[in-house]
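Sequence lines set the chain letters: A, B, ... in the order given, protein chains first and strands last, and positions in each chain run from 1.
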Amino acid sequence: MTQKEPLEELPAQYNPAETERELYKRWEAAGIFTANRSESSRSGGSDTPFVIVMPPPNVTAVLHMGHGLNNAVQDVITRWRRMSGDETLWVPGTDHAGIATQNVVEKLIARETGQTRFDLGREAFVARTTEFVEETGGAILQQLRAIGASCDWTRTAYTLSPELSHAVREAFVRLHEKKLIYRGHRVIHWCPRCLTSLSDEESEHSESTGKLYYVDYLLADGGTADRKAITVATTRPETILADVAIAVHPDDERNRRFVGLEVTLPVTGLRVPIIADEYVDPEFGTGALKITPAHDANDFEVGKRHKLAMPVVIDAEGRIQDPGDGAGRVPQSLLGLDRFEAREKMVEMIRAEGRMLKIDSHQHGVRHCYRCDTVVEPRLSDQWFIRMQPLAAPALAAVRDRKIRVMPERWEAVYINWLEGIRDWNISRQLWWGHRIPVWYCDPCKKEFASREDLTACPDCKGSVRQDPDVLDTWFSSWLWPFSTLGWPNEKSADLKAFYPTDDLITAPEILFFWVARMIMAGIEFMGEPPFHTVYLHGTVRDTNHVKMSKSLGNGIDPLDVVKLYGADALRFTAISGLGMGADVILDPADLEKSFAPGRNFATKLWNIGRFLLSRVGDSPVREISTIGSDELTRADAWILSRLNIAIEECDRALGPARPRDGTWTEEETRSGLRLSEYAESARRLVWNELADWYLESLKGRLQEEGDDREVARAVLVHAFDTALRLLHPIVPFVTEALWQRLPPGKARDMEFIAVSRWPKAMEVPARAAEFENVRNAVVALRQLRADYAIPPGKIIAANVVAKDSAAVYEQEASIIGRLSGTTVAVVDGPTSETSAHILLPDGSEILVPLAGVVDIVRECEKLRTELSQLDKQLTALTTRLGNENFTARAPASVVQAEREKHAEWSARKAQMEEKVRSLCGS
RNA sequence: GGGCGAGUAGCUCAGUUGGUUAGAGCGCCUGCCUUACACGCAGGAUGUCGGGGGUUCGAGUCCCUCCUCGCUCACCA
């Protein structure tokens with residue numbers, strides 16, 4: 001494809017595979033995706049750069065359809081803005097993905113050597129992981145090239161690179177200095193498999209059917225005649241071992257008389273007090289709640305309020321342990337048991353004591369680790385937290401004040417809802433893979449120091465220090481992404497100055513809280529303004545049963561397979577066409593052909609338009625469209641130019657404003673743009689239904705003979721195709737580039753690549769473009785008539801036009817009408833006596849098709865009468881409406897006016913048809 | 001349980017401030033290998049716009065209600 005061979009020698013079917021690879025190499029080699037920060041490298045560019053930062057895929061990830069869709073969307077937007085003249089930067093990169101990557105490597109090591117990370121030791125494990133990441137990491141970025149992603153690869157970032165690690169440390173220390181980061185002792189979510197704490201977002205609720213156990217706690221003093229015990233409902237009887245109290249609501253009539261007494265725990269017989277706390281819901285269960293401060297976040301709060309002991313009876317791996325408080329909390333038989341086995345065992349023991357009142361089935365939410373799906377254990381421990389409320393307030397304001405628009409709009413409510421209820425963020429992880437927390441402890445001084453530089457000695461006593469062993473939540477580096485990738489915290493960074501804030505953040509809704517909301521908070525906190533103007537949350541890729549595609553479910557599609565079979569353009573076109581605002585993309589993993597044929601077919605269609613064009617237009621230079629006088633243009637020329645204008649306008653509107661005018665979106669703008677499926681449809685319709693189906697077909701006669709008109713036709717054709725290619729380039733970059741490279745020389749090809757050519761603008765078009773509609777109407781009607789009468793495709797028939805007031809149009813366009821409808825067109829004065837079929841055109845003209853022996857008068861009359869009665873019905877409705885004073889008085893004048901015009905038109909047509917029926921059918 | 005959204009042709013979806021004859025792609029039916037394209041061309045069929053009620057001159061569009069699905073959050077054990 002690098003050489004230019006005559007297009008007519010090209011195969012009828014476009015072969016994307018080698019073309020795409022070759023073109024991508026040429027784009028990259030030419031450096032056209034590299035953003036130039038000092039000044040626009042292209043003339044006509046806008047002053048404002050356009051910037052997107054890629055949601056960094058996990059460094060160990062392989063490309064799946066979700067990435068395919070996400071990056072296709074980003075690339076469409078990026079290419080559109082690049083062509084619109086913005087200095088464009090799309091920053092690619094990867095995420096070190098703490099837990100995910102550590103899990104992968106742990107499994108790998110286990111498979112290879114049977115060792116655990118503890119066998120290896122921290123240093124060796126991190127070294128091994130680094131090595132693994134270097135081997136496999138970034139493969140996904142290479143794969144993104146295959147789908148055409150026009151990223152600036154010179155700025156590829158990685159969350160664990162030295163630069164970004166520097167940013168992480170700076171961010172931590174600053175927040176620590178502002179006391180927004182603190183160390184807290186409380187119940188957090190703990191994954192007993194990953195052996196780390198998790199944030200609220202990382203422990204996902206899922207509804208499940210469990211059991212609610214009703215257990216009697218005997219009153220220690222023996223109780224009264226009517227009341228020997230207090231019944232407590234619990235879902236986790238194993239935690240009875242760590243119970244330190246029973247709580248009731250202070251106003252609970254039934255129970256408050258027991259406050260201050262004691263009960264004995266089942267199994268262990270330990271005595272605990274009955275306390276009053278408003279947290280208890282007197283309506284639920286028995287109104288009495290067991291308090292287990294170390295194994296339930298709410299109980300912890302209650303425990304703190306009442307200064308209760310907090311024994312821990314479940315260890316890091318989810319096994320029963322003795323808390324070591326000497327209270328004899330755990331029977332020997334339960335020690336070391338898994339928490340779920342222990343639960344069964346406890347139930348048995350409680351039963352054996354006769355204290356299990358009943359067991360109900362119970363629907364409740366259980367939290368699971370988002371990485372390994374293990375049931376999360378609430379665990380009392382020391383962790384680092386970020387105080388979120390001060391960060392959330394301005395992030396809320398940014399969206400409420402429309403500094404940022406969230407699209408589709410409904411996610412805005414979700415965002416606000418979440419931020420309003422935000423709780424502090426647990427950022428420490430008991431992992432080895434990640435950014436080590438930059439805090440050092442001096443044991444003698446009992447002090448801690450957060451530091452930008454590694455500490456080797458205590459700043460106070462000069463004694464030895466030890467660094468906190470934990471690492472930071474992966475998302476602590478991700479939330480800095482829009483500025484850490486641009487050089488922050490280096491204030492002198494030219495990239496940061498030139499490209500922050502970015503424009504669009506394009507991702508899936510799944511990470512709205514994990515990532516998007518936190519980036520907004522970090523952007524405002526560290527950079528003083530929100531990190532982007534638009535958040536676009538696109539749909540999910542699902543199979544035909546609407547199940548999200550995933551490798552583990554086996555319903556995935558490998559984008560690289562699709563690229564290999566049908567081409568990246570096919571993949572992109574299919575994905576973008578299927579992406580309604582807020583809609584999911586449905587694909588059939590069992591039938592790739594069905595899913596991607598529309599995209600492939602469209603690329604082939606473009607390819608064949610290109611073949612036609614080159615074979616007819618040749619290689620010699622064409623006139624520039626602006627040098628052609630309007631009187632030189634045929635109606636067809638004017639028509640296609642007008643269709644170009646409409647398509648350009650539709651595409652512009654669908655893609656919408658790229659950025660707010662003064663930093664704040666108008667309400668209307670928050671709903672405008674990024675309608676990618678509409679953009680794709682407009683461009684597709686232009687190419688297929690207008691350029692190919694009509695203009696090309698109408699043109700065929702004009703390109704044969706040398707002369708001025710041929711030059712005009714060549715010029716318009718090249719211009720139209722050039723415009724269409726430009727409009728489509730963001731969606732199908734490869735085939736458009738391949739074809740554009742072959743356009744004949746001339747003003748059209750003003751750049752080395754279509755990828756950096758100018759986005760089309762509407763141009764002035766002569767009014768007679770509209771007259772071409774008469775041609776189209778005549779052709780369509782004649783084709784219908786042929787089908788009705790089953791006239792053989794090859795047979796040329798006569799078509800006599802009785803023109804109403806545009807005889808000249810039909811005369812001049814007779815050959816086009818004729819060729820497109822298989823007729824010989826003549827303009828005649830009036831009806832003849834021949835037996836004819838009749839066509840009434842919208843403009844009031846009539847076509848008579850003499851079909852002696854074929855035409856069936858009875859049938860013609862039937863058809864006419866049917867049509868007439870339908871028209872009559874509609875006309876009656878219209879007449880009634882216009883006669884309704886309520887309508888004429890209250891409806892807008894423009895609507896009434898339009899209805900009146902329509903009424904006149906329909907009346908005329910009705911009269912004409914009635915006349916026709918009279919003359920043709922008698923009666 | 002709280003919040004949000006969706007239900008339009010067999011399937012996937014458009015339908016932008018209410019404006020009258022509700023659209024597209026795929027699929028389906030009929031006829032065509034018409035020298036750019038059969039990955040194509042021409043023609044065609046298909047909708048009680050989830051049910052019910054209301055507002056309005058006019059409702060797929062606004063309001064109420066019910067049904068069904070989905071998303072999201074959640075400290076009633």
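A straight line from NZ of Lys700(A) to C1' of U34(B) spans 8 Å, rounded to a whole angstrom. If you measure from atom CG of Asn608(A) to atom C1' of U35(B), you get 12 Å, rounded to the nearest angstrom. Going from atom CD of Glu650(A) over to atom C1' of A14(B) covers 12 Å, rounded to whole Å.
At a cut-off of 3.5 angstrom, counting only N and O atoms as typed in the model, there is no donor on one side facing an acceptor on the other between the side-chain of Arg611(A) and the base of C37(B). For A38(B), its base never sits under 3.5 Å from the side chain of Gln13(A) at any donor and acceptor pair. At a cut-off of 3.5 angstrom, counting only N and O atoms as typed in the model, there is no donor on one side facing an acceptor on the other between the side-chain of Arg671(A) and the base of U16(B). A donor-acceptor contact under 3.5 angstrom links the side-chain atoms of Glu899(A) to the base of U20(B).
Going from the P atom of C62(B) to that of U17(B) covers 8 Å, rounded to whole Å. Atom name P, nucleotides U65(B) and A6(B): the rounded distance is 16 Å, in whole Å. Rounded to whole Å, the C1' atom of U56(B) lies 9 Å from the corresponding atom of G18(B). Here, U46(B) and G10(B) have their C1' atoms 9 Å apart, quoted to the whole Å. With P as the reference atom, U8(B) and G1(B) are 26 Å apart, rounded to whole Å.
Side-chain proximity of Ile586(A) to U21(B), U12(B), C71(B): nearest is U12(B). Counting only heavy atoms from C-beta on, Trp688(A) has its side chain closest to C41(B) among U72(B), C41(B), A74(B). Which of C73(B), G25(B), C39(B) sits closest to the side chain of Arg684(A) comes down to G25(B).
Judged by Watson-Crick or G-U wobble contacts below 3.5 Å, the nucleotide A74(B) has no partner. Across all strands shown, U17(B) remains unpaired; no Watson-Crick or G-U wobble contact has both distances below 3.5 Å.
Between Ser698(A) and Trp694(A) the shortest side-chain heavy-atom distance does not fall below 4.5 Å.
The residue from Glu377(A), His368(A), Arg367(A) that alone fulfils the side chain to side chain donor-acceptor pair (under 3.5 Å) condition with Ser203(A) is Arg367(A).
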What does the list of N/O pairs under 3.5 Å between the protein and nucleotides 42-46 of chain B look like, with a distance for each?
from	atom 1	to	atom 2	distance (Å)
G44(B)	OP1	Gln784(A)	NE2	2.9

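An OP1 or OP2 oxygen of C41(B) is reached within less than 4.0 angstrom by a side-chain nitrogen or oxygen of Lys605(A).
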